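The next block holds one structure in the form of structure tokens; read it before the comments.
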Amino acid sequence: MVRRIILHWSAGRYYPSEFEKRYYHFLVDVEGKVYAGMYKPEDNDNCTDGIYAPHTGGGNTGSIGVCFCGMYGFKSASNCGNFPISKIQFEAGAKFVAELCQKYKLEVSNLTVLTHYEFGKLYPKTSSAGKIDITYLPPYSWVAKDDIGNFIRSKVRWYKESLRG
């Protein structure tokens, strides 16, 4: 049963590789196109069988992994590498997450839509502790690191509302 959606960046380039498709259910490229990974979200209902997308250490069961392709070379806000997340990519990803929330009947909250970084803070004894995705959004550089999750959730809520109309 899907309980949450965890958002990532790939720390790779702008288009998903076959390697990345093994780890995430969905990947969003720089142009906003969404790709399916190797596994379906329902494969993460049971992660003991080895047939699931291992996107979040300690948090894969019941979780959909959605990844923004990019951020290879990220060091800091002032040095985010040659593959920063684009505005088109981010907006398409937020809309797609809203569609997933609608499909899986998830209310948008800090427990149902969160970044890998937030998951690691909530569960510090997992291998996700200390992850930096997503701690910076190049198209919205004014959003502070600890406000990014709330910013994403507000976007997802807006898109979810627009789907109802």
Side-chain angles (χ1 to χ4, degrees), residues 1-72 85 89-135 137 146 148-165:
M1 178 174 153
V2 172
R3 296 189 311 249
R4 65 185 160 225
I5 299 167
I6 301 177
L7 300 164
H8 306 264
W9 65 39
S10 66
R13 291 174 168 75
Y14 281 142
Y15 300 95
S17 68
E18 292 306 310
F19 176 79
E20 291 164 345
K21 288 180 181 180
R22 294 185 346 213
Y23 290 88
Y24 306 103
H25 296 102
F26 302 101
L27 302 99
V28 185
D29 75 15
V30 69
E31 298 167 21
K33 180 179 176 186
V34 177
Y35 299 78
M38 183 182 293
Y39 300 100
K40 293 180 173 81
E42 292 76 17
D43 291 332
N44 281 47
D45 287 349
N46 173 11
C47 294
T48 61
D49 61 5
I51 302 169
Y52 67 98
H55 55 87
T56 304
N60 291 306
T61 302
S63 299
I64 297 175
V66 176
C67 181
F68 293 97
C69 297
M71 300 305 280
Y72 176 76
I85 293 170
Q89 179 180 30
F90 175 79
E91 294 295 331
K95 182 176 187 252
F96 182 71
V97 170
E99 292 166 358
L100 289 173
C101 287
Q102 189 171 43
K103 177 178 180 175
Y104 291 100
K105 297 176 178 33
L106 295 175
E107 289 301 317
V108 180
S109 78
N110 64 336
L111 297 176
T112 59
V113 176
L114 62 162
T115 66
H116 198 183
Y117 168 74
E118 289 178 306
F119 183 88
K121 283 181 66 178
L122 278 173
Y123 302 98
K125 294 185 179 181
T126 66
S127 61
S128 289
K131 296 297 182 183
I132 61 170
D133 54 323
I134 299 172
T135 56
L137 284 173
D146 287 323
I148 287 175
N150 287 328
F151 179 78
I152 292 169
R153 285 183 287 278
S154 70
K155 286 281 187 173
V156 170
R157 280 187 201 99
W158 185 86
Y159 279 113
K160 193 174 178 200
E161 281 298 315
S162 72
L163 293 172
R164 292 182 186 159

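Just so it is clear, the model here is predicted, and its values are computed rather than measured.
Looking at every heavy atom in both residues, Ala98 comes nearest to Val156 through CB-O, 3.5 Å. Counting all heavy atoms, side chain and backbone alike, Ala92 lies closest to Val28 at CB-CG1, 4.4 Å. The shortest non-hydrogen separation linking Thr126 to Tyr123 is OG1-O, 2.8 Å. Heavy-atom minimum distance, Ser128 versus Thr56: OG-CG2, 3.3 Å.
A heavy-atom distance below 4.5 Å is not found between the side chains of Leu111 and Arg4. Residues Cys101 and Thr112 have side chains not in contact (no heavy-atom distance under 4.5 Å, counting atoms from C-beta outward). A 4.5 Å side-chain heavy-atom check between Asp133 and Met71 finds every atom pair outside the cut-off.
Between the side chains of Glu31 and Tyr14, no donor-acceptor pair of N or O atoms lies under 3.5 Å. Residues Tyr104 and Glu42 bring a donor and an acceptor atom of their side chains to less than 3.5 Å of each other.
Residue-environment remark: OH (Tyr35) exceeds the threshold of 12 foreign heavy atoms within 6.0 Å. Counting heavy-atom neighbours within 6.0 Å of Lys131 NZ, excluding the residue itself, gives a total of 12 or less.
When atom types are taken as modelled, the side chain of Arg3 and the backbone of Thr61 share a donor-acceptor pair closer than 3.5 angstrom. A donor-acceptor pair under 3.5 Å is formed between the side chain of His25 and the backbone N or O of Gly65. A donor-acceptor contact shorter than 3.5 Å links the side chain of Asn44 to the backbone of Ala53. Proximity of a side-chain donor or acceptor of Asp45 to a complementary backbone N or O of Met1 within less than 3.5 Å is detected.
A salt bridge links Glu99 and Lys95; the closest N-O separation between the charged side-chain nitrogens and carboxylate oxygens is under 4.0 Å.
Outside the 6.0 Å centre-distance limit, the rings of His55 and His116 are not counted as a close aromatic pair.
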Q: Decide side-chain contact (heavy atoms from CB on, under 4.5 Å) for Trp9 and Leu137; before the verdict, give the C-alpha distance in whole Å, the side-chain angles of both, and the deciding distance to 0.1 Å.
A: CA-CA 10 Å; Trp9 65 39; Leu137 284 173; over 6 Å; no

As a quick check of understanding, evaluate side-chain contact (heavy atoms from CB on, under 4.5 Å) for Val2 and Leu106, giving each step before the final call.
CA-CA 8 Å; Val2 172; Leu106 295 175; 4.0 Å; yes

Worked check of salt bridge (charged side-chain N to carboxylate O under 4.0 Å, His left out) between Glu118 and Lys121: CA-CA 5 Å; Glu118 289 178 306; Lys121 283 181 66 178; over 6 Å; no

inquiry  = Run Tyr117 and Ile148 through side-chain contact (heavy atoms from CB on, under 4.5 Å) and show every step you take.
reply    = CA-CA 10 Å; Tyr117 168 74; Ile148 287 175; over 6 Å; no

### Task
Apply side-chain contact (heavy atoms from CB on, under 4.5 Å) to the pair His8 and Tyr23, showing each step before the final yes or no.
CA-CA 11 Å; His8 306 264; Tyr23 290 88; over 6 Å; no

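In summary, of the residues considered (Ile152, Leu122, Leu7), a side-chain contact (heavy atoms from CB on, under 4.5 Å) with Leu114 occurs for Leu122 alone.
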